[in-house]
Amino acid sequence: MPRYLVTSALPYANGPIHFGHVAGAYLPADVYVRYLKMAKGPENVLYVCGTDEHGVAITLKAEQEGVGYRAYVDRWHSEIRSLFDRFGIEFDTFSGTSRCAFHADASRKFFSVLLERGFVFAKTEKQWFSEQSARFLPDRYLQGGCPQCGFAKARGDECPDCGSWIDARELQNPVSLIDGSSPVLKATKHWFLDLPKLQQAGLDSWYRGNDENHPVHPWKPNVQGHVQAMLRDLHARPITRDLPWGVKLPEGLEGAEGKVLYVWFDAPIGYISATMEWAAAQGTPDAWMDWWQKEDTRLVHFIGKDNIAFHVVVFPSMLLGQEDAWQGKPFVMPWAVPANEFYNLQGRKFNTSSGWYLDNDSFFAQYNPDAARFHVLMSAPETADSEFSWPEFQVTNNNLLADKVGNLASRVLKFLDKRFGSCVPEVAKEPTAAILAVRGHQALQDADAAFAAIAGFLENFEFRKATQHLIAGCTALNQFFDAMEPWIKIKGSQAGDWECCVETLERCVAYLELLSRRIAPFCPTTAGKLRNMLGAVAETHVASAWGEENVAQAPATLPAGLRIGNVEMLFLKIEDEQISAEIAKLEASASAAAE
RNA sequence: GGGGGAAUAGCUCAGUUGGUUAGAGCAGCGGAAUCAUAAUCCGCGGGUCGGGGGUUCGAAUCCCUUUUCCCCUACCA
């Protein structure tokens, strides 16, 4: 049995996260993890995340606000966590690169090993330095004349006018965007990750799936295209910076004074250090190695498309370059990188400062988090950018979740409540042809097939299809209930009617129990509610077990006499007025921000 | 400037290695039913698969070209 080590991109502790982030890297991962824990056993799955808390952008914003770096990232760390909590996203551990006690040492060791083994080299170059702020200036924070076209307000990395790529040192009369001063060129030593060398050392072979020790799940088109192009022309990347905030370089390294690891270098190591922290908290400090160094671990990185290069090229190279330096064993390599595209909001990008966002407090005060989860998954940006739209959210909530799923539970369980004293009736011991026809009805076979397909879609990162099949299963059960007409059969005008009615109800209740487990990864709270409604019926199977995975099999006959619980509504409807109010609110906040 | 992804019905999307009259949901129209959150179920209409060219007996699918949108290009999923 392989074990699954699942990560979601470390959110950058420099601002709020929104539905777009959730749709891309967090919710799919949470559903995947919940499913795996049910299907493979919780001991075989670990879900790791945390905030990315270093980098120049954080230092600048904190300084602007006059807050210490520590306090600044702490605030965003808890802010970010609270949105995950509201969405019901449950990590096994959620740490942060500046708060994890293992992070700095692990990052430095990564760096030192790469240096020792010749995968990192040093080079001294001239960079713009602001004497006023006593700091080196990142290219993006410089403005000056474009050496190509002369445009006066070119940035240090790119000219917005002619689009050409600029070597910051050639920028004419540069000005610091941070303090407005004129910087001077000053020599500084930096260390570079030798990606071409690591490419030869095994990255290529792993990426192409030729490394039998490190198998890969087939790449998604967006990942494959991007990475193939990158591998054709790989360059060394600098992995150090002149900054006061971050992971300091190892001691005793010449020229390392005042320098830290580049945030993109230390961030992915956060996955590992967070696992170390988790293991230590469990009282088994070495247990992290079981996850990161055992060959049968499947390492899965959920990310957004902007992060592909780092998770398919840079981080795997860093892992590869560690060779046998950690207790003599190599690290596992990523097994799958299900990168998603971007999730927008009604035609535009989510953007807090321009007022185009959803207010999380207000959203979760009014709407069912499970409905939000289901809708976001159903419209997830798997192959192309997609969006959250209020009218579509209403359709998912009302027409699918309330009418198809919730109402199915209602109509079946209320029928049982009114006609059978809330107990599962006893089915005929020797089924007649008519009863066998009920039991083998095409609609039930359709439901079996739909529910059985969900596992495969989830394992293949096809979350949209998984949600569609969950609904398809419920549609089939509605069809079955309609076709069997138990409300007519119960009047028993013909011989055998009563037995068919009993059989129909027994089947429906058994399938509701199955549904409560199939819906659990998507809508965990609703699954629990449904199981409460099922009362003693729910006890026929363990809530946390997926059961038969890929076999389309009808649930076993329920013992007679099991008592169901109180019937509730699983999903409440959203009124048209609410939707138009939300749209008006969104437009008002956008135009307010525009002024 | 370089690289990548996407474009299919009014809307949101499926279409596996090229193979019968291109499918589903929503919206629209009609019907059945009344157990249920007026919830369900059945039926119907609707598309020169972004444009142009090519390969092929056969292309939404492969190749070339072009248009539009998005992303990456060294610190926003």
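Within every chain, numbering begins at 1; the chains are lettered A, B, ... in the order of the sequence lines, protein sequences first and strands thereafter.
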Heavy atoms under 4.0 Å, any strand shown: does A/Ala29 hit a base, just sugar-phosphate, or nothing?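 If one applies the 4.0 Å heavy-atom cut-off, A/Ala29 turns out to touch nothing in the nucleic acid.
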Separation of [N] [atom2] from [X] [atom1] (nearest whole Å):
{"X": "A/Glu382", "N": "B/A14", "atom1": "CD", "atom2": "C1'", "result": "12 Å"}
{"X": "A/Met533", "N": "B/A36", "atom1": "CE", "atom2": "C1'", "result": "11 Å"}
{"X": "A/Leu377", "N": "B/U12", "atom1": "CG", "atom2": "C1'", "result": "16 Å"}

Excluding sequence neighbours, so at least two apart, what forms side-chain hydrogen bond (donor to acceptor under 3.5 Å, both in side chains) with A/Tyr271?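 Partners of A/Tyr271 by the side-chain hydrogen bond (donor to acceptor under 3.5 Å, both in side chains) criterion, ordered by chain and then number, come out as A/His311.
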Set of side-chain hydrogen bond (donor to acceptor under 3.5 Å, both in side chains) partners for A/Tyr207, sequence neighbours left out: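 Once residues adjacent in sequence are excluded, A/Tyr207 has no partner under the side-chain hydrogen bond (donor to acceptor under 3.5 Å, both in side chains) criterion.
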If we count only N and O atoms by modelled type, under 3.5 Å, do the side chains of [X] and [Y] hold a donor and an acceptor together?
{"X": "A/Thr240", "Y": "A/His190", "answer": "yes"}
{"X": "A/Asn397", "Y": "A/His375", "answer": "no"}
{"X": "A/Glu53", "Y": "A/Thr51", "answer": "yes"}

If you measure from NE2 on A/His54 to OH on A/Tyr12, what distance do you get to the nearest 0.5 Å?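 That separation rounds to 9.5 Å.
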Under 4.0 Å, heavy atom to any atom of RNA chain B: which of residues 480-489 of chain A qualify?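 Of all residues in residues 480-489 of chain A, the ones placing a heavy atom under 4.0 Å from RNA chain B are A/Phe481, A/Asp482, A/Trp487.
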Check ion pair A/Arg241-A/Asp266 (N to O, under 4.0 angstrom):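 No salt bridge links A/Arg241 with A/Asp266.
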Taking only N/O atoms, report every protein-nucleotides 2-10 of chain B pair under 3.5 Å with atom names and distance.
from : atom 1 : to       : atom 2 : distance (Å)
B/G4 : O2'    : A/His226 : N      : 3.4

Determine whether A/Met484 and A/Arg507 make a side-chain contact, defined as any pair of heavy atoms from C-beta on separated by less than 4.5 Å.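 Side-chain contact under 4.5 Å: no.
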A/Asp403 side chain: which of B/A36, B/A74, B/U40 is closest?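 Within the option list, the nearest is B/U40.
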Atom pairs, N/O to N/O, protein against nucleotides 26-30 of chain B, distance under 3.5 Å?
from  : atom 1 : to       : atom 2 : distance (Å)
B/C26 : O3'    : A/Asn399 : ND2    : 3.2
B/A27 : OP1    : A/Asn399 : ND2    : 3.2

Short N/O separations, protein against nucleotides 15-17 of chain B, under 3.5 angstrom:
from  : atom 1 : to       : atom 2 : distance (Å)
B/G15 : OP1    : A/Lys465 : NZ     : 2.9

Determine the interplanar angle of the A/Phe265 and A/Phe110 rings, folded into 0 to 90°, and report it as parallel if under 30°, tilted if 30 to 60°, perpendicular if over 60°.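 Correct class here is perpendicular.
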